[in-house]
Amino acid sequence: MRVVVTGGELVTEQGLVPADLLLADGRIEAWLDRGAAGAAVADERVDAAGLLVFPGFIDPHVHSRDPGHTHKETFHHSTLGALCGGTTTVLEMPNAVPAVTDVATFEDRRAAHAARAWTDFGLWGMALGPANLDQVALLHASGAVAVKFFWGYALDKQTKGLVYNFAAAPPDSLLLPPENGAVLELFGEVARYGGLLAAHCEDRHVLARSAELLGHPITTYDDLLRARPAVAEATSIAVGAQFSLATGCRFHVVHMASAAGAAVVRAARAAGAAVTAETCPQYLTLTDADAARLGPAIKVYPPVRSQADQDALWAGIADGTIGSVGSDHAPHLLEEKLRGFEDAPAGGLGVETLAPLMVDAMVRGRISPARLAEVLSTGTARLYGLWPRKGSLRPGSDADLTLVDPRGSARISNERMHALNPVTTWDGWELRGRVVASLLGGEPAMRDGEPVGERRGRFVAARHGAPVG
Ligand code: NCD
Ligand code: ZN
């Protein structure tokens with residue numbers, strides 16, 4: 001199958017390049033001078049006149065709840081939503097039930113998801129600490145994009161599922177994150193095999209004492225922010241940065257939400273630590289002022305904070321402190337979310353709105369097209385060992401493309417969402433710019449928010465560089 005994409009502007013690290021693309025057998029074959037595509041022999045022509053042609057967007061932070069909590073979401077729904085929103089690869093988080101804590105589960109998950117994927121996908125492994133220290137190198141060798149350590153969460157001993165409110169759970173049902181000595185050992189192990197360790201950063205001791213000091217249940221959003229202060233995030237990041245410096249382990253902070261966290265990452269990077277960070281559209285588009293309107297639907301961990309925090313995260317994207325943006329798609333049922341600020345589980349929809357919200361920010365001038373390509377594709381692919389197969393428009397890369405009309409507009413609505421439980425925080429938002437279409441593996445895969453052709457997502461294995469030290 002040969003496809004030409006004509007008339008668009010390619011978004012590269014150097015900026016915009018007017019060129020046509022020839023795609024063959026799923027790969028980018030060549031860049032053609034404008035007009036030369038007319039002479040190229042092709043089975044199909046995609047008109048990209050007036051459009052920006054991005055390397056296919058990658059969402060590195062997707063919790064599809066599958067298996068285990070398929071009443072909340074499924075891999076079919078999350079990857080369909082991803083595709084329809086303009087994302088061509090998702091990286092699936094390991095905290096379904098059973099969690100991906102060993103290679104056997106990883107292989108099962110890979111096979112099960114390969115049968116249902118609308119986008120290409122990679123898989124995360126989960127690091128528990130001493131309980132599966134012997135598995136993390138094996139997960140890496142199997143092609144896991146990274147291992148995730150849920151620092152600050154308690155897990156259910158039986159299922160290894162996340163416990164959102166561990167103060168309220170019977171203590172003997174919980175598996176707590178290990179103490180720092182064992183966490184340092186985990187960093188050392190991941191450094192040994194040259195992998196990537198990512199963490200949910202909130203210090204559990206700070207969380208536990210802050211909730212106690214609040215002195216009453218969390219009834220308002222302000223209570224929630226007091227019970228989960230930014231210093232909890234910054235403390236975990238600071239400890240992780242020291243462990244990264246001490247071991248050489250690459251350490252990635254997922255869903256960073258605070259100015260304090262960003263400042264720690266910036267300082268650690270300046271000191272030469274191999275520390276990277278991700279943030280998410282909820283932290284870039286919402287603030288605590290939205291809690292009055294949204295109620296507990298806004299509840300995510302770590303929480304959405306102030307306008308000053310949001311501004312600091314945008315500054316972090318601009319100066320390279322934050323190199324990747326993911327959705328943290330973490331669906332729950334509406335009735336679960338309506339339980340109130342104390343009891344509602346944390347998380348919300350995101351995979352289908354990631355690209356539209358970031359494109360809107362680009363059109364409004366908060367981020368350049370080249371930087372958007374970096375944080376939604378190239379930088380993410382490099383971080384997770386997928387580059388240059390993914391995240392690149394170079395000849396030889398997978399022909400995954402996201403086509404964007406910067407002059408268009410879009411509207412987010414629950415009615416158009418493909419999630420199993422289609423209730424989004426951004427319902428009714430009018431956006432500037434429009435994600436028009438995508439190609440996956442060299443063929444059109446989405447147009448105007450609906451799939452084109454058959455489901456054909458494939459598993460992609462990560463290939464990380466050589467171990468450090
Ligand atoms: C996520 C979930 O529910 O899986 N929730 C959340 O609020 N972010 C877990 C996580 O990534 O912390
Ligand atoms: Zn998390």
Side-chain angles (χ1 to χ4, degrees), residues 11 13 54-55 57-62 87 91 93 124 145-146 148 151 196-202 230 232-238 240-241 244 250-287 300-329 350-351 353-355 357-362 364-387 391:
V11 186
E13 280 132 297
F54 284 89
F57 293 147
I58 302 168
D59 188 343
H61 199 145
V62 176
T87 291
L91 307 184
M93 280 292 173
W124 285 78
V145 292
K148 173 134 178 214
W151 219 347
L196 175 66
L197 176 63
H200 176 116
C201 290
E202 287 184 288
E233 178 173 70
T235 301
S236 268
I237 297 173
S244 168
R250 288 190 297 138
F251 173 53
H252 182 57
V253 181
V254 293
H255 54 42
M256 192 164 69
S258 65
V264 177
V265 170
R266 185 176 292 113
R269 290 171 62 84
V275 177
T276 51
E278 169 197 79
T279 192
C280 316
Q282 45 277 32
Y283 306 120
L284 295 169
T285 65
L286 305 174
T287 68
V300 292
Y301 291 164
V304 169
R305 302 182 190 281
S306 69
Q307 187 63 53
D309 289 288
Q310 185 189 109
D311 294 344
L313 296 170
W314 278 113
I317 287 182
D319 74 7
T321 301
I322 295 169
S324 179
V325 176
S327 71
D328 194 6
H329 182 70
V351 77
T353 47
L354 171 69
L357 288 165
M358 293 304 291
V359 163
D360 173 78
M362 177 192 79
R364 290 174 196 272
R366 286 214 93 155
I367 182 170
S368 69
R371 189 76 191 131
L372 189 69
E374 185 72 18
V375 299
L376 281 186
S377 188
T378 310
T380 301
R382 280 207 177 91
L383 177 66
Y384 293 103
L386 301 174
W387 188 89

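Sequence positions, counted from 1, serve as the residue numbers for this chain.
- Side-chain atoms of Ser244 never come within 3.5 Å of backbone atoms of Gly240 as a donor-acceptor pair (strictly under, hydrogens ignored).
- When all heavy atoms of Phe57 and Thr87 are compared, the closest pair comes out as O-CG2, 3.4 Å.
- Each of Leu354, Leu372, Leu357 was evaluated against Val325; a single residue qualifies, Leu354, per the side chain to side chain contact (heavy atoms under 4.5 Å, CB included) test.
- Put simply, the side chain of Val254 does not reach to within 4.5 Å of the side chain of Asp328, judged on heavy atoms.
- Looking only at atom types and distance, the side chain of Asp309 has no donor-acceptor partner in the side chain of Ser258 under 3.5 Å away.
- In this view, Trp387 satisfies the ring-ring contact (aromatic ring centres under 6.0 Å, His included) rule with no residue, not counting sequence neighbours.
- Side-chain atoms of Thr287 and Ser306, non-hydrogen and from C-beta on, never get closer than 4.5 Å to each other.
- Put simply, the residue from Val62, Leu383, Leu386, Asp59 that forms a side chain to side chain contact (heavy atoms under 4.5 Å, CB included) with Leu91 is Leu386.
- Residue pairs meeting the salt bridge (Lys or Arg N to Asp or Glu O under 4.0 Å) criterion with at least one partner in residues 259-284, sequence neighbours excluded, are Arg266-Asp319.
- Under the side-chain contact (heavy atoms from CB on, under 4.5 Å) criterion, Thr380 pairs with Ile58, Pro60, Ser324, Tyr384, sequence neighbours left out.
- A side-chain donor-acceptor contact under 3.5 Å links Arg371 to the backbone of Ile317.
- A distance-only check finds no donor-acceptor pair linking the side chain of Glu374 to the backbone of Gly320 [under 3.5 Å].
- You'll find the side chain of Leu196 stays beyond 4.5 Å of the side chain of Val145, heavy atoms only.
- For the pair Tyr301 and Glu202, the minimum side-chain heavy-atom distance is below 4.5 Å.
- Thr378 is listed as a side-chain neighbour of Pro55, based on a closest heavy-atom distance under 4.5 Å.
- Two rings, from His61 and His255, have their centers less than 6.0 Å apart.
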